[in-house]
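Here, residue 1 is the first one in the sequence, and each next residue gets the next number. Not measured: the values here are computed from a predicted model.
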Amino acid sequence: MNLPACAGYVIAPLHLVVGLLFILLPATPYQKGWETVYRAIALLLVTTVVVYGSILRRQRLGVGIVLLQVLAAALAAAVPFFTVDFSDLWHALVCPLILGSSLLACLVVGLAVRAAGPR
(Lines give C-alpha, C1' and ligand atoms only; values in the text may rest on other atoms or scores of the structure.)
Protein backbone atom coordinates (compact mmCIF):
# COMPACT_ATOMS: atom_id res chain seq x y z
CA MET A 1 0.00 0.00 0.00
CA ASN A 2 1.47 3.31 -1.06
CA LEU A 3 0.95 6.23 1.28
CA PRO A 4 1.07 9.85 0.12
CA ALA A 5 4.10 11.87 1.19
CA CYS A 6 1.97 14.00 3.50
CA ALA A 7 0.53 11.02 5.44
CA GLY A 8 2.84 11.62 8.41
CA TYR A 9 1.30 15.03 8.97
CA VAL A 10 -1.79 13.26 10.32
CA ILE A 11 -0.37 13.82 13.80
CA ALA A 12 -1.05 17.56 13.54
CA PRO A 13 -4.86 17.40 13.31
CA LEU A 14 -4.95 14.57 15.85
CA HIS A 15 -3.07 16.71 18.38
CA LEU A 16 -5.41 19.60 17.58
CA VAL A 17 -8.42 17.38 18.34
CA VAL A 18 -6.85 16.22 21.60
CA GLY A 19 -6.16 19.82 22.58
CA LEU A 20 -9.80 20.65 21.94
CA LEU A 21 -10.91 17.67 24.04
CA PHE A 22 -9.40 19.39 27.07
CA ILE A 23 -12.21 21.94 26.78
CA LEU A 24 -14.72 19.19 27.54
CA LEU A 25 -13.10 18.23 30.83
CA PRO A 26 -15.21 19.05 33.88
CA ALA A 27 -13.65 21.36 36.44
CA THR A 28 -13.29 18.67 39.10
CA PRO A 29 -12.75 14.91 39.00
CA TYR A 30 -15.93 14.49 41.02
CA GLN A 31 -18.15 15.61 38.15
CA LYS A 32 -19.66 13.13 35.73
CA GLY A 33 -17.62 12.39 32.61
CA TRP A 34 -14.23 13.44 33.93
CA GLU A 35 -12.65 9.99 33.71
CA THR A 36 -14.27 9.27 30.34
CA VAL A 37 -12.79 12.35 28.71
CA TYR A 38 -9.33 11.61 30.12
CA ARG A 39 -9.55 8.05 28.81
CA ALA A 40 -10.58 9.34 25.38
CA ILE A 41 -7.61 11.72 25.38
CA ALA A 42 -5.18 8.96 26.38
CA LEU A 43 -6.59 6.53 23.81
CA LEU A 44 -6.36 9.08 21.02
CA LEU A 45 -2.77 9.98 21.93
CA VAL A 46 -1.65 6.33 22.07
CA THR A 47 -3.38 5.69 18.75
CA THR A 48 -1.62 8.72 17.29
CA VAL A 49 1.83 7.43 18.30
CA VAL A 50 1.13 3.94 16.94
CA VAL A 51 -0.28 5.20 13.64
CA TYR A 52 2.58 7.66 13.24
CA GLY A 53 5.16 4.92 13.82
CA SER A 54 3.52 2.63 11.28
CA ILE A 55 3.30 5.41 8.70
CA LEU A 56 6.98 6.26 9.12
CA ARG A 57 7.96 2.60 8.92
CA ARG A 58 6.32 2.40 5.50
CA GLN A 59 7.53 5.77 4.20
CA ARG A 60 11.17 5.76 5.39
CA LEU A 61 11.40 9.56 5.58
CA GLY A 62 14.41 11.58 6.57
CA VAL A 63 15.08 13.03 10.01
CA GLY A 64 14.31 16.57 8.84
CA ILE A 65 10.84 15.59 7.68
CA VAL A 66 10.16 13.82 10.99
CA LEU A 67 11.18 16.97 12.87
CA LEU A 68 9.01 19.09 10.59
CA GLN A 69 5.99 16.84 11.17
CA VAL A 70 6.41 16.97 14.94
CA LEU A 71 6.83 20.76 14.78
CA ALA A 72 3.58 21.02 12.80
CA ALA A 73 1.87 18.89 15.44
CA ALA A 74 3.31 21.11 18.20
CA LEU A 75 1.91 24.21 16.52
CA ALA A 76 -1.47 22.51 16.13
CA ALA A 77 -1.43 21.48 19.80
CA ALA A 78 -0.62 25.05 20.85
CA VAL A 79 -3.65 26.52 19.11
CA PRO A 80 -6.25 25.26 21.62
CA PHE A 81 -4.02 26.06 24.56
CA PHE A 82 -3.75 29.73 23.64
CA THR A 83 -7.29 30.20 22.36
CA VAL A 84 -9.30 28.41 25.05
CA ASP A 85 -10.10 29.90 28.41
CA PHE A 86 -9.55 26.99 30.80
CA SER A 87 -12.06 27.01 33.62
CA ASP A 88 -9.62 25.35 35.97
CA LEU A 89 -5.93 26.07 36.55
CA TRP A 90 -5.24 22.33 36.83
CA HIS A 91 -6.31 21.76 33.21
CA ALA A 92 -4.19 24.67 32.06
CA LEU A 93 -1.18 23.03 33.71
CA VAL A 94 -1.91 19.45 32.65
CA CYS A 95 -2.77 20.16 29.01
CA PRO A 96 0.76 21.20 27.90
CA LEU A 97 2.32 18.38 29.90
CA ILE A 98 0.16 15.70 28.30
CA LEU A 99 0.41 17.13 24.80
CA GLY A 100 4.14 17.74 25.20
CA SER A 101 4.76 14.18 26.31
CA SER A 102 2.74 12.92 23.35
CA LEU A 103 4.78 15.06 20.96
CA LEU A 104 7.97 13.79 22.57
CA ALA A 105 6.71 10.20 22.17
CA CYS A 106 5.97 10.86 18.48
CA LEU A 107 9.45 12.30 18.02
CA VAL A 108 11.14 9.37 19.78
CA VAL A 109 9.10 6.81 17.84
CA GLY A 110 9.77 8.64 14.58
CA LEU A 111 13.51 8.79 15.14
CA ALA A 112 13.62 5.20 16.40
CA VAL A 113 11.78 3.93 13.35
CA ARG A 114 14.08 6.00 11.16
CA ALA A 115 17.20 4.63 12.89
CA ALA A 116 15.97 1.01 12.77
CA GLY A 117 15.15 1.16 9.05
CA PRO A 118 17.46 -0.10 6.32
CA ARG A 119 20.26 2.20 5.34
Side-chain angles (χ1 to χ4, degrees):
M1 175 176 161
N2 290 335
L3 294 173
C6 62
Y9 287 99
V10 73
I11 63 172
L14 288 173
H15 277 90
L16 178 64
V17 168
V18 169
L20 293 173
L21 279 177
F22 275 96
I23 301 167
L24 300 176
L25 279 171
T28 66
Y30 302 110
Q31 290 179 339
K32 190 175 183 178
W34 183 82
E35 190 175 318
T36 305
V37 176
Y38 261 118
R39 284 183 181 173
I41 288 170
L43 179 66
L44 191 57
L45 289 176
V46 168
T47 304
T48 301
V49 172
V50 170
V51 167
Y52 186 60
S54 67
I55 287 172
L56 288 182
R57 188 176 51 88
R58 289 188 180 112
Q59 286 187 334
R60 302 194 200 307
L61 298 174
V63 174
I65 298 297
V66 172
L67 293 174
L68 188 62
Q69 290 172 347
V70 173
L71 178 65
L75 292 174
V79 168
F81 183 73
F82 288 111
T83 58
V84 173
D85 181 28
F86 287 100
S87 61
D88 185 18
L89 180 62
W90 173 249
H91 295 133
L93 294 173
V94 170
C95 177
L97 292 174
I98 290 175
L99 289 174
S101 63
S102 173
L103 290 167
L104 184 62
C106 284
L107 181 63
V108 167
V109 165
L111 294 177
V113 166
R114 173 69 186 137
R119 299 196 183 249

Enquirer: Can you pull the ring-ring contact (aromatic ring centres under 6.0 Å, His included) pairs that have at least one residue in residues 38-75, sequence neighbours excluded?
Expert: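 Qualifying pairs: W34-Y38.
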Enquirer: What is the distance from atom CG of L104 to atom CG of L97, rounded to the nearest 0.5 Å?
Expert: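 If we round to the nearest 0.5 Å, L104:CG and L97:CG are 12.0 Å apart.
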Enquirer: Any chain of hydrophobic side-chain contacts (each under 4.5 Å) joining L43 to V46?
Expert: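 No, L43 and V46 fall in different hydrophobic clusters.
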Enquirer: Ignoring hydrogens, what is the shortest heavy-atom contact between C106 and V49? Give both atom names and the distance.
Expert: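 In terms of heavy atoms, the two residues are closest at SG-CG2, 3.8 Å.
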Enquirer: Using the rule that Ile, Leu, Val, Met, Phe, Trp and Tyr join whenever any side-chain heavy atoms are under 4.5 Å apart, tell me whether L45 and Y9 fall into a single cluster.
Expert: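 Hydrophobic grouping puts L45 apart from Y9.
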Enquirer: Between R114 and R60, which heavy-atom pair has the shortest distance, and what is it?
Expert: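 Smallest interatomic distance, heavy atoms only, reads NH1-O, 4.3 Å.
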Enquirer: With a 4.5 Å heavy-atom cut-off, do L75 and V79 have their side chains touching?
Expert: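 Contact flag for L75/V79 side chains = no.
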Enquirer: Could you go through residues 12-24 and list every donor-acceptor pair under 3.5 Å that involves a side-chain atom there, pairing it with any protein atom two or more places apart or in another chain?
Expert:
from	atom 1	to	atom 2	distance (Å)
H15	ND1	I11	O	2.8
H15	NE2	S102	OG	2.8

Enquirer: What's the separation between atom SG in C6 and atom CD1 in I55, rounded to the nearest 0.5 Å?
Expert: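 That separation rounds to 9.5 Å.
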Enquirer: What is the minimum heavy-atom distance between A77 and L103, and which atoms define it?
Expert: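 Smallest interatomic distance, heavy atoms only, reads CB-CD1, 4.5 Å.
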Enquirer: Are side-chain heavy atoms of L61 and Q69 found at a separation under 4.5 Å?
Expert: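 Yes, their side chains come closer than 4.5 Å.
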Enquirer: Mind listing the closest non-hydrogen atom pair of Q59 and A7 along with its distance?
Expert: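 So the two residues come closest at NE2-CB, 3.6 Å.
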Enquirer: When L56 is tested against each of V109, V113, L3 for side chain to side chain contact (heavy atoms under 4.5 Å, CB included), which residue passes?
Expert: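 The passing option is V113.
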